[in-house]
Amino acid sequence: MSTASTTSPDISGASASGPKKQQGYWAGVGSRVRRDKITLICGGILLVMFLLIVFAPWIAPYDPLQGSMARRLKPVGWQGHLLGTDELGRDMLTRLMYGGRYSWFVGITPVTIAFAIGGSLGILAGFVGGKVNMLIMRATDVFYAFPSVLLAVAISGALGPGIFNAILSMTLVFIPPLIRVSESVTTSVRNLDYVESARATGASAFTIVRVHVLPNVMGPIFVYATTLISVSMILASGLSFLGLGVKPPTPEWGMMLNTLRTAIYSQPLLATLPGICIFVTSLCFNLLSDGLRGAMDVRN
Amino acid sequence: MLQLPTMPDRGGPAQPLLIVKDLKKHFPLKGGLFGAGGKVQAVDGIDFEIRKGETLGIVGESGCGKSTASRLIMSLIEPTDGEIIFDGEKVGTSALPLKEYRRQVQMVFQDSYASLNPRLPIEESIAFGPMVHGLNRSRAIPRAHDLLTAVGLAPAQFAHRYPHELSGGQRQRVNIARALALRPRMLILDEPVSALDKSVEAQVLNMLQDLKAQFELTYLFISHDLNVVQHVADRVLVMYLGRVAEVGPVDSIFDAPRHPYTQALLASRPSMDPDQRRTEPPITGDPPNPVNPPSGCRFRTRCKIAEDVCASATPPLAEVAPMHQAACHANVTASGHSLAPREAA
Amino acid sequence: MMTPQTLVRARNLNVKFVSRDATVHAVNGVDFDLAEREVLCILGESGSGKSVTLRAIMGLNPRAKTVMSGELKLCGEDVIAASEARMSALRGRQASMIFQEPMTALDPVFTIGRQIAETIVRHEGVSYKAAMARALELLELVQIPSAKRRLEAYPHELSGGLRQRAMIAIALSCRPKLLLADEPTTALDATVQIQILLLLRRLQQELGMGVIFVTHDLGVAGEIADRIAVMYAGRFVEEGPVRDVMRAPLHPYAQGLLGATVHAGLRGKRLTTIPGAPPDLRDLPTRCAFAPRCPMVENACRSAVPELRGPEPGRAARCIHVAQAAQAA
Amino acid sequence: ISAAQAQTLRVAMTTSDLPLTGGIPDNGSEGGRFAGYPIFDGLANWDFTKTDAAADLTPGLATEWKVDPNDKTIWIFTIRQGVKFHDGSTMTVDDIVWNFDRHLKESAPHFDTAQARSYRTYTGQVVKYWKIDDTHLALQTAQPFSVLPYLISRVFIVSPTQYKKIGNWLDFQMQPSGNGPFKVEKINPRVSIDLARNEEYWDKGRIPKVKKMILMPIPDANTRVAALRSGQVDWIEYPAPDSNASLKAAGFNVVVKPYPHVWVWQYNHTSDSVLQDKRLRLALNYGLDRDSMMELLAGTAKPSIGFYEKESKFFGAPKEMFKYDPEKAKALLKEAGYGPGKPLKLNVQLPTAGSGNMVPLQIGEFVQQSLREINVEVTHEVVDWGTMLTSLRQMPGKGAEPRRDAIAHGLPLGDVTNFYSQFTGMANKLGSNWSTFIHPKVDELANKAFQTFDAAERDKLIAEAHSVVVDEAAWLFVVHDLNPRALSPKVVGFNQAQSWYQDFTQLTVKD
Amino acid sequence: MLKYILRRIAYAIPIALSVSVVCFMLVHIAPGDPIDAIVPPDTPKDVVEQVRKDYGLDKPLPIQYAVWLGHVLQGDLGRSIATRRPVAGDLILAARKTFVLALTAAMFGFAIGIFLGSLAAFFKGTWIDRLAVSFAVGGVSVPHYWLGMVMVIFFSVLMNVFPAMGAGPGDWQWDWQHIQYLILPALTLSCTPIGLLTRTVRGIVSEILNQDFVTTLRGKGLRNRTMMLHVVKNAAPTILAVMGLQLGYLMGGSILVETIFSWPGTGSMLNAAIFRRDIPVIQGATLVLAMFFVMLNLIVDIMQTMIDPRIVRK
Ligand SMILES: Nc1ncnc2c1ncn2[C@@H]1O[C@H](COP(=O)(O)OP(=O)(O)OP(=O)(O)O)[C@@H](O)[C@H]1O
Ligand SMILES: Nc1ncnc2c1ncn2[C@@H]1O[C@H](COP(=O)(O)OP(=O)(O)OP(=O)(O)O)[C@@H](O)[C@H]1O
Ligand SMILES: [Mg+2]
Ligand SMILES: [Mg+2]
């Protein structure tokens, strides 16, 4: 073989420095996120919450189920109870920490499962196209024809209350939108020339999906899924509030909000604390996904 | 040094590298619930061949089916009809399975950005093909670096970059390197320079000429720029609305075009001389919609010499000069067109 | 003969875009005059600032982040100082603009007729009906077949050539004195491009408009320009009558461009190329911006931005080698 | 607020929907309180005039009743004459027989297939009934049953004329006709029952002083409080204990009165239940910290250590006097084989709200937590009150329902028939005793009691039976409710009776 | 155009049928014998058998579905387990109330959302934009049942300006006496559409403002008023779609708010039904609301077609 380095001299000059500094895609996203204060703060808050929740059994000051009537409904800051106590005299901070576990779990699990299932189906539909696409998308249309809360409530209602059923029904609710988003992202990626040229090398469909499709569609699908987390958190706590989620005494924010409600006249701040937790979490997830979306937009 | 060997020449020099026979592609139109939409006749029966070592240029206006033809040849889409024969073997048969064929034919697209995976460093993009064909990574990467050098990009500086960190010209070089990575015998270049600035266009064109010699390639070069085609092609094929209007050696076509469309196309070129500006547009109107193309000769709606026969019969590709064919009734003996040559004595 | 009036006057025009991350110096000291009935072609590579210059003349760069300095007059009006209301009265009336992509430059959800008529209503205060009648005349003027039917058409229902004609009809609806054309034929097919070029040329002469025509295609410039300005990195690096610039450009960049343009007769030969890439406009160059790519570069090129200098009146280039180049020609 | 409204009493009930208005109200005793006695009368009514003692029966549509001295199984009711139904028809003895047909005669065209079964507890003792003459009605029981009038008081008499006009019970509910002090003016499904005063009520002393009464179902305790405080209603049932202080501070009257009520876990005594083990039943009763719960309930309840209150004449002298003794509880559990390593696991059905259930979630959670300290793990199956009522009518282990060890709720003990329906094997046969507590001694004593027509003797026998119930720890006794309700200061003249039912005829609503 | 509309309607039919299948299946996904889901557990045997026959529950699923669909098409949605009344009658009353609530919330939300969104788009990058966006994110993040609770305390209990619950006396009427009942729940319910509309409008309007044709319009010297018209007509199809979806979501998603405010609509009906496991009611309400949603989508699509000429392709 001849040496491949015999090149015309006039082109070698073109190797002047490119328009931008050398940087990987994710590194670029990272640096953009790092410059975005709001996203950072939200990420920070969520991280702190996450740690508090995960390590609740080790760091929570009290037993979440252990109360005492002698200290029921004490205000925020009362004698070693940083956030007061609930209607059965259990430490609010502790319960909020434990409650977060369930709220986060019930909020995030359906999105995660739906991300896996809906994402796969959507990518499949988008990549394979044709009849498969038709089949999957028409089925999706049917579930799209239900308002989401209604669907979740109806399925939960039919299945009966319980954490598992709540997760199941919410998963069913989130699968269709995830299919739609991943299908459209995949379809647009599939028609890009680089996928065509990968096909032109004779690569198998699996390799093409793995190397060329997945890395390019996961980002947008993931960001979309994070926006769903906020919806999911609210929906999950709503289901608990309706009694379709966890059972007492398991602390869960929606449930706590429900049982503490009657105390709103005597301890207004206390009674709104679980609501504030839901609000802040959902807000942070929303802002975080906004920030992520912005940072992942290569046009920036 | 290059671990993937070139495929051997099977048919010998006289065997055209690629023969396209009656290739057709009709896209059904979307939107019809009951499939009642029409169809786009993007490519409607084209025949041509490419000889070993030559550059066949395809010109034609936007939407005439150039890209569709190249995708058909690349087997990226299923043809509605027709067949492709590569070096004497029908593509897709056991004699020439698709995967093997694809090693021998590669493609460069117009949009340099869309043809590179934005999440892969360019060395990975280039190494992808060889790895698909069984080369392991540790050998594919150095090979990618060699190819980068070959297209004039210093690997040390560029190998790890991502597509968005390159200029348009640099990206197009990467695309060319990627196409060469499988050591193909033929390269389909679908408007490889249309999106580039003039100064960069020249760089890439020069480089393509060098690479052709260096890697013993055959080019199918698609462009809508007549000047570029004239510059690079040995033979030229003019397409109009999914059909071949004229095909022949570059000089013959440019000096003595026989199809009114080719003539108009040539006459539409800016003059490059302020003192000899064009005064009359050679033809009027836009190309018609390929969904319901005109009957007979597809050019007749804009043709200055169109007659009744042009609407009723499709003109065959007829020899008008050595190696030069044109599909115009005016060139076909006894076609019924008033300008047609009389019956030979 | 009446003395030609100056339609556009630019002196040391600078346009920069300021944002949190960076400042882009898109136009860096441009001087030129455009007389009535004159056609000026601005030629240059992508990103050289052609469109920004055009938009600056119309005051159409995004207000929030654009900083303009120098002098810029449009039909006597100081564009840099003028209020939005003042500019809006000028736009479409004294000066109009057409764009490269007629598909995106037309509002997709309004009919062609409506889009023409609303300009006439705005500037001439006539009734909508009268404006529609004028719109029909205009469509006929730009040679749109079955104009009456096309009045009711939406942009997506027209072919590329027709869309561009409609765009021209909109631009000409109030008989402006100045037409700014930003690569109006680049997106068109060769056979259509020549039709549009000829149409523009005819209309320019019939209506007596001044035209600034932006293109990166030397051939197109040759078809339509009276004068050519070659732009590089936000500056005019060469300016002169079309014949002179096309035959014997003075600036090495313009020479390179001419050499790199593929045309008949170069077959089999290597094309001349300009190595390297244009500079990053985020740092304002303090030297000849072309120096890194210039085959004739000298130390002097790297110390300061060369002045515009010309061997004869009406011709000029920003290069210290102008004299030599003129000699060689 | 207009003058017309001022004559209106607007009541927020705790039910999740309107109680049925066809004369067989659902939603427990609250249904009877609002969709029963105000609209209909029974043969016997309740006497609300004495508020210092538990309410007792008073003549209603029957002016008097007595047992046939020759056959103690036959009761003779003298029917009040000239009483008019709301539709204007005059009530006859035949009408009353017709009403019993509705409940008992499956072949009757108007037999109420859908509802009759839910009243079997009250009607099940009657085996035969007939018209003696135009003023007398006879009811016959299988064996002498001295407390029959208490049961029969629940059988509301409706107008056959109206029924015949309408043709089915479903539509009858929309335009019912009885002879109570209030007439139904309009039913707004799921929104309200609008009642108007019955000017023709036979008891002139109980013609309502208010013109109208509007009953609204507001299951959410907070919404009830908000509705009262914002002046949308004048009367709310069961304000959440935690809002009482603020209600009082805002000038509302929170009225409490002892009434015959107990909040319990009804244990499952069927053979597959762990709670067949008496030690466990006792342990739970000793392990529950009732006194602390009083804090939670903020003065709206008092601890319960038996079905009847300690002060009741029926309480008797049980050996086990449950007071909080976790050590004893743990010891009992250990004896039964449970301990820290092996907690006793119980599944308990708990309603979300409902008549007499107080704040079930909070109480339930409290019990759960209190029992956790003696290593008893309670899981709750939280259901709607209506669902629970259905569960209560099922026998445990039947059907598709999950196994549960107890059902937690509040229930009435207004008269001795409640004891009968909850703790006797006879009642169990009628399918009203989910708990299925059957004890030969109790059955024997109760049987004797219900055949004794001497009241004092009867009370003694029941007290004795009750002692056995307590000693057997038949249920987990939790609290006695004090029947709190909050009234707008505009409501005057309300005297809360010590009863599940209340009198709405004597009060007025000020402007 | 007409053809397209007919085609769109034709397309809605299989969707509607599939939706009915899903609703039908609700009875069957409920654990246990489906008969338990549609009659009360203490129903006498013979009645149970009668119902089983009526609904064809002894037959294979497809036939059951056909029977059920036949009932539904005749307006028979079965009987409530709890009240034993036909579901359809109560549902119509409830749906009317929910519609009033959802429509009011939607209108209010749309008005505010469109206003804030356009403001944010026109002043993109300024503090006005940031304020509007924060408001929007807040709106979509707040658990509205919690907000409703807080609002009741504030406006009903403490300030006593609006009623705390219910939909007013008697039948619904558009008079002040009834409207005052509407204000708090509608306000609570509107926070999601406010947030979403603000975001959508901001996105679409700023996207439109970045498009080339806007430069053309400015280049023509059009007045702001005329420019607005162009922006509105371009944004309308997208915004309409979001509005349609939102109205549907509000109809179907008012369950929590209705519960908090004791609003006698489909939401509180569903809530009660869920607790009683009154499956026929759940099924009927779901079916009616989902059908409404399907219709709404259809109407939105048709309206989009009328506005945007590009949608109808030959
Ligand atoms: N996947 C497809 N589905 C439907 N129609 C298609 C598809 N691909 C191409 N077409 C249509 O086929 C015709 C030919 O398209 P093609 O891309 O081959 O033209 P082209 O000559 O390459 O044009 P250009 O110069 O614009 O690239 C066009 O009318 C196009 O709209
Ligand atoms: N609104 C803007 N904000 C920031 N930078 C801008 C803006 N508009 C243009 N620029 C920058 O100004 C420079 C000149 O752009 P301009 O559009 O004038 O180039 P051009 O010569 O018209 O190129 P082309 O041939 O590609 O149209 C480019 O670097 C571009 O990125
Ligand atoms: Mg193409
Ligand atoms: Mg430009």
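Worth knowing before you read on, the calculation uses all heavy atoms, side chains too, and leaves out hydrogens, waters and symmetry mates. Every chain is numbered from 1, with letters handed out A, B, ... down the list of sequences.
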Interatomic distance, CZ@E:Arg223 vs CD@C:Glu118, rounded to 0.5 Å, equals 12.5 Å
- Task: Please check if atom OH in C:Tyr128 has more than 12 non-hydrogen atoms from other residues, nucleotides or ligands closer than 6.0 Å.
- Result: yes
Counting heavy-atom pairs under 4.5 Å with chain C, the top scorer among E:Val214, E:Leu229, E:Thr226, E:Thr126 is E:Leu229
Ranked by heavy-atom pairs below 4.5 Å to chain C, first place among E:Leu217, E:Asn224, E:Ile307, E:Leu222 goes to E:Leu222
Considering residues, nucleotides and ligands other than E:Met303, do more than 12 of their heavy atoms fall under 6.0 Å from its CE?
-> no
Honestly, the part of C:Arg114 sitting under 4.5 Å from a heavy atom of chain E is side chain
Taking atom CZ of E:Arg8 as the centre, does the number of heavy atoms from other residues, nucleotides or ligands within less than 6.0 Å exceed 12? yes
Scored by heavy-atom pairs under 4.5 Å with chain E, the best of C:Gly59, C:Ala64, C:Ser88 is C:Ser88
Fill in: C:Tyr154 atom OH, neighbour heavy-atom count above 12 within 6.0 Å
yes
Just wondering, are more than 12 heavy atoms of other shown residues or ligands nearer than 6.0 Å to CZ in E:Phe123? no
E:Trp174 atom CH2, over 12 foreign heavy atoms within 6.0 Å:
yes
Residue from C:Leu90, C:Ile170, C:Thr119 scoring the most non-hydrogen pairs under 4.5 Å with chain E is C:Thr119
- Message: With a 6.0 Å cut-off (strictly less than), is the heavy-atom count around CZ of C:Arg63, excluding the residue itself, greater than 12?
- Response: yes
Separation between CG (C:Leu106) and CD (E:Gln211), nearest 0.5 Å, reads 12.0 Å
dist E:Phe213:CZ -> C:Met103:CE (nearest 0.5 Å) comes out at 11.0 Å
For this session: Give a yes or no on whether E:Phe122 atom CZ has more than 12 heavy-atom contacts from other residues, nucleotides or ligands under 6.0 Å away.
Result: yes
Original post:
Quick check: does any side chain N or O of C:Thr104 sit under 3.5 Å from a backbone N or O of E:Asp212, one acting as donor and the other as acceptor?
Top reply: no
When the 4.5 angstrom heavy-atom criterion is applied to C:Glu84 and chain E, the contacting part is side chain
Heavy-atom closest pair (E:Lys220 atom, C:His123 atom, distance to 0.1 Å) is O-NE2, 2.7 Å
What one should report as the nearest heavy-atom pair of C:Pro108 and E:Pro309 is O-CG, 3.5 Å
Answer key: most heavy-atom pairs under 4.5 Å with chain C among E:Thr216, E:Ile208, E:Thr215 is E:Thr216
Open item on the list: Under a 3.5 Å distance rule, please check whether E:Lys233 uses its side chain to pair with a backbone N or O of C:Val109 as donor and acceptor.
Closed with: yes
With E:Arg218 as partner, the option from C:Arg91, C:Met58, C:Arg55, C:Met87 fulfilling side-chain contact (heavy atoms from CB on, under 4.5 Å) is C:Arg91
